[in-house]
Amino acid sequence: MAELSLRNVVKRYGALEIIHGANLEVKDGEFVVFVGPSGCGKSTLLRMIAGLEDISGGEIDIGGKVVNDVEPADRGIAMVFQSYALYPHMTVAENLSFGLRMNGNPKEDTEKRVRHAAGILQINELMQRRPKQLSGGQRQRVAIGRAIVREPKVFLFDEPLSNLDAELRVQMRVEISRLHKQLGTTMIYVTHDQTEAMTLADKIVVLRAGNIEQVGAPLDLYDDPANQFVAGFVGSPKMNFLKAIVTGRDAAGLTIALAADRTVRLTLPLTAALSDGTDVTLGVRPEHFGDSGKGDADMTVSVDVAEHLGNTSYIYATLGGEQLIIERPESRTTGNRDSLAVSLSAKRTFLFDSAGQRLR
Ligand SMILES: Nc1ncnc2c1ncn2[C@@H]1O[C@H](COP(=O)(O)OP(=O)(O)OP(=O)(O)O)[C@@H](O)[C@H]1O
Ligand SMILES: [Mg+2]
């Protein structure tokens, strides 16, 4: 087990800088998820921690020791990739023990570790099969088993579930959580799936274009995003962003009007100094619209499509040309309508400036 820190870590390919000075502290035993859109640098950061990529600047520290010049095999890490890369001609048991056998680990200890990993992953009955006789989920379990037998200080996962179908992903996600609980080992997990990030992480690191945008516990990112990017990335369906204009300020706060319907006005308890007429963006999560008349401002939207999911429904709507998604508790009495009246509550909104920074 080990803590890990990144200090001002930079990655360049020639003149192109793709990680711009990453700083991060990971506590011993913590489950940290790197999340962000394709190409933002998640795998690169993980591969630098693993030692599979050189770092162009800064320091990586694992368990209190700078590992910049330490070989991957000597860093005490084990990595699981999206592609399982099992040896096709070997049985599951042989795949699990291969690395240890190559390192000359004593036979008895190797067998003990393989049995232990097989037990944790519940693959005891599969030990004599070859990879082609396994399902995708079983193969991924073997790949994880290969990491477990190494008894690493830190596990690194790079989108390990993205080759699996939706149902299996959910199942494996729970298993990885359970594995973390059982082993208590530090884990760093890369995904572009915000649900995986929210459900697995003790701490989420949101990356964008080679920068760490925000680090925090899942619900802290949900409740208190630092900027519009994080606000839009965390939560599903995504937060709505409505154009708005500052119309005044009084003791109660800042008053704004929606650009799409200026009769919709809200006073937000913010101290940001903005002059009247400033363009801003109001963020409202789909689940935070209330019943008409029960909030601080009412608005009526045109309904395009209503998706009924049984427990909840998603209303795809427009307001003066702006599209939005509204989540409502399922109701069997109202049926489909062309318009919907809902309310906004000031304390369940976020305000962003034109550069996407959060206004407070
Ligand atoms: N060898 C390389 N030479 C030049 N640029 C590279 C190289 N490898 C990666 N990159 C660039 O670095 C950036 C980050 O890539 P990386 O693979 O870390 O993204 P990612 O966040 O893991 O994306 P994905 O979700 O698609 O896996 C991308 O813009 C990519 O094109
Ligand atoms: Mg990647």
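Atoms within each ligand, like the ligands themselves, are counted from 1 in listed order. A quick note: this is a predicted structure, and the numbers were derived from the prediction, not measured.
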Partner residues of E327 under the side-chain hydrogen bond (donor to acceptor under 3.5 Å, both in side chains) criterion, sequence neighbours left out: T312

Sequence neighbours excluded - side chain to side chain donor-acceptor pair (under 3.5 Å) pairs with any residue from residues 258-268: T247-R265, T255-T267, D261-T263

Enclosure of E125 CD (heavy-atom neighbours >12, cutoff 6.0 Å): yes

Nearest protein heavy atom with distance in Å, relative to atom 25 (O) of ligand 1: K42 NZ, 2.7 Å

V9 vs E59 side-chain heavy atoms within contact, under 4.5 Å: no

Which residue and heavy atom of the protein sit nearest atom 12 (O) of ligand 1, plus the separation: I18 CD1, 3.0 Å

Ligand 1 to C40 polar contact by distance, N or O atoms, under 3.5 Å: yes

Non-hydrogen atom of K11 closer than 4.0 Å to ligand 1: no

Top protein contact for atom 26 (O) of ligand 1, by heavy-atom distance: S38 OG, 2.5 Å

Centroid-centroid distance, Y87 to F98, less than 6.0 Å: yes

Whether over 12 other heavy atoms sit under 6.0 Å from E17 CD: yes

Residue, atom name and distance, where the atom is the protein heavy atom closest to atom 16 (P) of ligand 1: T44 OG1, 3.4 Å

Heavy-atom nearest neighbour in the protein, as seen from atom 29 (O) of ligand 1, with distance rounded to 0.1 Å: G39 O, 3.5 Å

Within reach of ligand 1, part of R47 (heavy-atom separation under 4.0 Å): neither

Geometric N/O contact L16 with ligand 1, under 3.5 angstrom: no

CD (E307) with more than 12 external heavy atoms under 6.0 Å: yes

Protein residue, atom and distance nearest to atom 9 (C) of ligand 1, heavy-atom basis: Y13 CE1, 3.7 Å

Under-2.8 Å neighbours of the Mg ion (ligand 2), protein N/O/S atoms only: 1

Aromatic centroids of F352 and F241 separated by under 6.0 Å: yes

Within-cutoff protein neighbour (heavy atom, under 4.0 Å) for atom 31 (O) of ligand 1: no

Neighbour count >12 (heavy atoms, 6.0 Å) for atom CZ, R249: yes

Within-cutoff protein neighbour (heavy atom, under 4.0 Å) for atom 14 (C) of ligand 1: yes

Exceeds 12 heavy-atom contacts within 6.0 angstrom, atom CD of E71: no

Salt bridge (Lys or Arg N to Asp or Glu O under 4.0 Å) partners for E111, two or more places apart: K107

Ligand-side contact atoms (ligand 1) for residue partner S43, heavy atom cut-off under 4.0 Å: 17 (O), 18 (O), 20 (P), 22 (O), 27 (O)

Shortest non-hydrogen separation from V301 to M299 and the atoms involved: CG1-CE, 3.7 Å

